Structures are given as C-alpha cells and as structure tokens.
Amino acid sequence: MQICHTIREFREARAVLTRSGKTLGLVPTMGALHEGHLSLVRSAASECDAVAITIFVNPTQFAPGEDFDRYPRTFEADLALLQSENVALVFAPSPAEMYPPSAPQVIVDIPEIGARLDGASRPGHFRGVATVVSKLFNITTPDRAYFGQKDAAQVAVLRAMVRALDTPVDVRVCPTVRDVDGLALSSRNRYLSALERTQALALPRILESVAERITPGSDLAMLRASLAAKLNAADGFTLDYAAIVHPDTLLPISSLDEGALIAAAVHVGKTRLIDNIVLTPVAREHEELTLTAGAAR
Ligand code: AMP
C-alpha cells in the first residue's frame, strides 16, 4: 500500500498501474474509517484490478459553524484498518495541496438537485462535494468510483454531475452498512453520548416502519406527514427533513413507478444524522408494482 500526499506522487503511482493495463476503483472518504467505508473498498476490490482510497476532510463542503474543526481525524488508525484490505494507493492530500491559494477559484455546481434534501439544509454543501469529487476524479482517473447509499442525496448529485459533464467514471453505489442494532455507521456517531446513541436508533426504526407501510396504492403525502410526525415526536430529535422523493431528482413523488427514496435528517444533541431506505421497483405483474427495500442500483 503506497501513501501519497501530493498530486504528483499519486499521478506517478497511477501511471504505473495504467502502463500495466490495470483498472482502478476509487473510494473517496473523509477518513475516520469504519466498516461502511471498508465495504466500499471491498466492492471496489471485487470489481477492479487495483483500489485507491482518498482521505481528505474537504473544507469547502462544511459551512461556517459546522463540524469541520472537530471532524475526527484518525489517519494512523485508518491506515491500520486499510493494511488488511486490498488497497494499492492511499491519497491523503493537505487542504493547500487541493486548493493552492494561487489557483483560480472554480466551483462545480448542480444547482437544482444540489439544493434539495441535505443541499437545502446545508446550502453550498454539494458545491463543495461536487467540486472536490471532480478534482479527485481528475487527479486519480478511476474507471469506477464507489459511494455509499447512506448518503443518498450525494449519490443523486454525483450521478447528475458525471452525466452532465460526461465524466468517464462509472459511479457505483453500495448498500448502507449498519451496526447490529440497525444504526447506520457514520464517522459522526462517535460524537453521540450513550443516551443519544440509544435515542438515535429511532431514526432507522421510524424509516423502516414507514417503508413497511408503502404499497403501490399508498397516499404518499400522508406517509410523508406521518414520517415527519414520528421523527418530531422521537425523544431527543430535532427534525431537519423528512422526505419521500424520486431517488434521482430528489423531488417529491406522487407515484412509485420509478421507485422511492425515503430519507431523513435529524439532530440528536449537537450531532446531525442522516439515513434512508430506497425502494426499487423490481417487477410488474398484472399492473402491480413490487417494491424491494435497500437495493443499491
Ligand atoms: P465520508 O467519509 O463520510 O465522506 O464517507 C465516504 C463514503 O463512505 C461515502 O460514499 C459514504 O456514503 C460512504 N459511507 C459512509 N457511511 C457508510 C455506511 N454506513 N455504509 C455504506 N457507505 C457508507
């Protein structure tokens, strides 16, 4: 496993892989790695000849007052976890390497999709994400890039980005990895106190309870209201958003023909948590729509 801190070092290592005709899978992360990240690494390793992981806490996707300064930075522990994975290259640049003060400012913006769900709650967040992921794609030139379904709005934004920019990268989406009790793994879970960790469990449970009630004939406006009401009533929660939307456009839907994304964000104490369930239409028989939960597309 080679660790690169500069773009030049990474490009040199990448050139060696290219010369030997190896396909590259990229896993972009902000570090503080857990099994969710490792599941992306393993998917990449199963589909590509070589895997690169990036570890970069990207300042431009945090708004002033968000948790950029206290975001967990656990580089040595991250490397230790990666040692037993099939990773060829680690790219861990500094902010100055990624955003040299002398470089002109360029922003990648997906103004409509990027302003929905988390983009509505965190204005500018997806400009930061799209810009840094574009740069990482240009630096690493992967064949495929692996993202988690846990960040469903990010998936929609990045799919739209590669489509609009004709980026030659296959965006792969991997299922959300959860703790044994159902809480989605997140680097931010370590902010939670013991009480908040228990309270946080209501998020996947409420999403699941609403997903279970969805049938092709469901009144989605009513279920959306019920989702919001349940989250609002949960101990310790302050609701950010509750949505039943199209998985690609992130717009509210009134039909399930193209599937549904049931997504929510809540604050538990000072910690913002997100989670979602995707319902994918799998078969049409006798005009009936069958839905399956959680599948990565
Ligand atoms: P982050 O380091 O939080 O920016 O996440 C890096 C990548 O890991 C993103 O594509 C996330 O969607 C993905 N990821 C984070 N948590 C999970 C999880 N619990 N299951 C699957 N993927 C995840």
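Whatever order the structure lists them in is the order used to number ligands and atoms, beginning at 1. Being a predicted model, the structure only gives us computed values, none of them experimental. Note that the numbering runs from 1 along the sequence shown for the chain.
Scanning for side chain to side chain donor-acceptor pair (under 3.5 Å) contacts around Asp67 gives Arg188, Tyr191, with sequence neighbours left out.
Residue-level proximity to ligand 1 for His34 is carried by the side chain, the only part with a heavy atom below 4.0 angstrom. At a heavy-atom distance under 4.0 Å, only side-chain atoms of Leu40, from C-beta outward, approach ligand 1. Heavy atoms of His37 found under 4.0 angstrom from ligand 1 belong exclusively to the side chain. For Ser186, no heavy-atom contact with ligand 1 is shorter than 4.0 Å.
In this structure, the protein non-hydrogen atom closest to atom 21 (C) of ligand 1 is Pro175 O, 3.5 Å. Here the heavy atom of the protein found nearest to atom 12 (O) of ligand 1 is Asp151 OD1, 2.7 Å. Protein heavy atom in closest approach to atom 20 (N) of ligand 1: Val177 N, 2.8 Å.
Short contacts between ligand 1 and Gln154, defined as distances under 4.0 Å to a heavy atom of the residue, involve ligand atoms 9 (C), 10 (O). Proximity to Thr176 (heavy-atom distance under 4.0 Å) selects the following atoms of ligand 1: 20 (N), 21 (C).
Checking only distances, Met30 does come within under 3.5 Å of ligand 1, N or O to N or O. Polar contact with ligand 1: absent for Gln149 (N/O pair, distance under 3.5 Å). No N or O atom of Tyr146 sits closer than 3.5 Å to an N or O atom of ligand 1.
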